[in-house]
Protein chains: 2
Amino acid sequence: MTAHPAAQTVGLRDRKKQQTRDALATAALHLVAERGLENVTVEEISAAADVSSRTFFNYFPCKDDALVADHSVDSARFLTRLAQVPPEVPALAAVRSALGEMIDRMQADRERWLLRMVVIERNPALLPRLVAAGVETERTMTELVADRVGVPPDHHFPALLAAVTGAAFRSAMLRWAAGDGARSLSDLVDEAFETLAAGLPDPQPAP
Amino acid sequence: MTAHPAAQTVGLRDRKKQQTRDALATAALHLVAERGLENVTVEEISAAADVSSRTFFNYFPCKDDALVADHSVDSARFLTRLAQVPPEVPALAAVRSALGEMIDRMQADRERWLLRMVVIERNPALLPRLVAAGVETERTMTELVADRVGVPPDHHFPALLAAVTGAAFRSAMLRWAAGDGARSLSDLVDEAFETLAAGLPDPQPAP
DNA sequence: GGGAGAACTTTCAGGTCCGGCAAACTTTCG
DNA sequence: CGAAAGTTTGCCGGACCTGAAAGTTCTCCC
């Protein structure tokens, strides 16, 4: 037996895969951060990660996804959480609650996520990609919410809630990056959701 | 002098340009509607509009833009309207009010807009494009709103309001198309904005 | 251990997207 | 009419992305 009898669930193979994926994403983020999206090719990213450019596409369906997607934050877990929130909790609060775990994981990966958001901010072409990453999630979320509040799936509320909370979350993420992570993401999301719950009233101009 | 002494502001040249642009957009929408986004090339679209494929790119920066962008609904006018709404009107209501004109124009172009939204619905890759079309608008909108409510530009409210109203509007557009335009877009947008103003409370399950 | 087979990577070929360039053409204006 | 300005077009090349086939690396089971 080798010196590592434990850690059986993940073999060498999976560890290498994760490494490669990580190397590609990291290389992509750093290169784009310093040169801009247009001035970085897939070949350069692949070279920096020491793999062929064909391999790049085995991991990411397109260049942008290497910058925006993140395996560690998979939406399936968020949806599971959402389904688990007790049904008497209002939908908006339920969504906020279910986001908690995802937010924690993002804070744990603080460094990388801040870089990611800065890259997105400086390359607006990526912003739609951020939406794309959530579009399938929003669809499922719509169904979950319809179920939860007991309205037909073509009612306007579930789709509106999904779209609006998605927008609010993105807004908080961008704000997080803009402040370089000075305030916690959790706080910023809370602030946004409270404003939503209050019906988006005009804020006080000056105290 | 010719038989058309009036209509001086637009010459033959500009009229032709508008025609070409329109032909390209129309061809793109119809082809994609029947074959799907992947199975339509720029060459085919250009051929259908009787221009070279090189000309296509003189009008649209990429294939998707021919499907999503619309010259008749330029956001500059919306922003102008927004700036004109009296400052005592709360920001959320002001946005709804400023959207009115755009909505009217979309209803006038009902046919084309419904087709467009159906195409987007059936080709989810385009949905992020719809966001992209509004991203610059949202940025300006953020500044306008900050100004209007008298908070610094890095306050969370303006960006949140811009993102959220954008999402709500898109949600209403998709709903409009899903119902094949049975209910007026104006109604659907009102419904969404009222729900926003109420703080997104859970709807009544059944009467 | 050791080999059969699965999984991953690489190379290669090819289609589509998209932008720069300069020549031909069309409209506008003096 | 003729010059100026704008538009269309073909040509070319780089970049993105995909399929197929061949080569390499890991896993599993004996």
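Order of the sequence lines sets the chain letters (A, B, ...), proteins ahead of strands, with each chain counted from 1.
Using a 4.0 Å cut-off, some side-chain N or O of Lys17(B) falls inside it from OP1 or OP2 of dT7(D). Neither OP1 nor OP2 of dT26(C) sits under 4.0 Å from any side-chain N or O of Lys16(B).
Here dT16(C) presents its P atom at 7 Å from CD of Glu43(B), a figure rounded to the nearest Å. Between the P atom of dA15(D) and the CZ atom of Phe60(A) lies a distance of 21 Å, rounded to the nearest Å. Atom pair Gln19(A):CD and dT9(C):C1' shows a separation of 15 Å (rounding to whole Å applied). The CD1 atom of Ile45(B) sits 12 Å away from the C1' atom of dC17(C) (whole-angstrom rounding). Rounded to whole angstrom, the span from the CG atom of Leu24(B) across to the P atom of dT9(D) amounts to 10 Å. The nearest whole Å value for the distance from the CZ atom in Phe57(A) to the P atom in dT18(D) is 7 Å. Following rounding to the nearest Å, Lys63(B) (NZ) and dC16(D) (P) show an atom-to-atom distance of 17 Å. Atom CZ in Arg15(B) sits roughly 16 Å away from atom C1' in dT7(D) (whole-Å rounding).
Within 4.0 Å of Thr55(A), counting heavy atoms only, lies at least one base atom of the nucleic acid. Backbone-only engagement by Tyr59(A) is indicated by non-hydrogen atom pairs under 4.0 Å involving sugar-phosphate atoms exclusively.
The environment of CD in Gln84(A) is crowded: more than 12 heavy-atom neighbours from other residues, nucleotides or ligands sit within 6.0 Å.
The minimum heavy-atom distance linking Trp113(B) with Met173(B) is given by the pair CZ3-SD, 4.3 Å. Across all non-hydrogen atoms, the minimal contact from Phe78(B) to Thr137(B) is CD2-CG2, 4.1 Å.
Of the candidate nucleotides dT9(C), dT8(D), dC17(D), dT9(C) has the atom nearest to the side chain of Asn58(A). Distance from the side chain of Arg13(A) is smallest for dC8(C) among the nucleotides dC8(C), dT8(D), dC17(C).
Ion pair Asp22(A)/Arg112(A) flagged as a salt bridge, since at least one NZ, NE, NH1 or NH2 atom sits closer than 4.0 Å to an Asp/Glu carboxylate oxygen.
Along DNA chain D, the nucleotide closest to Phe56(A) and the one closest to Arg54(B) are compared, and the more 5′ of them pairs with Arg54(B).
Inter-residue side-chain proximity for Arg54(B) and Ser46(B) is flagged as unmet; no heavy-atom pair is nearer than 4.5 Å.
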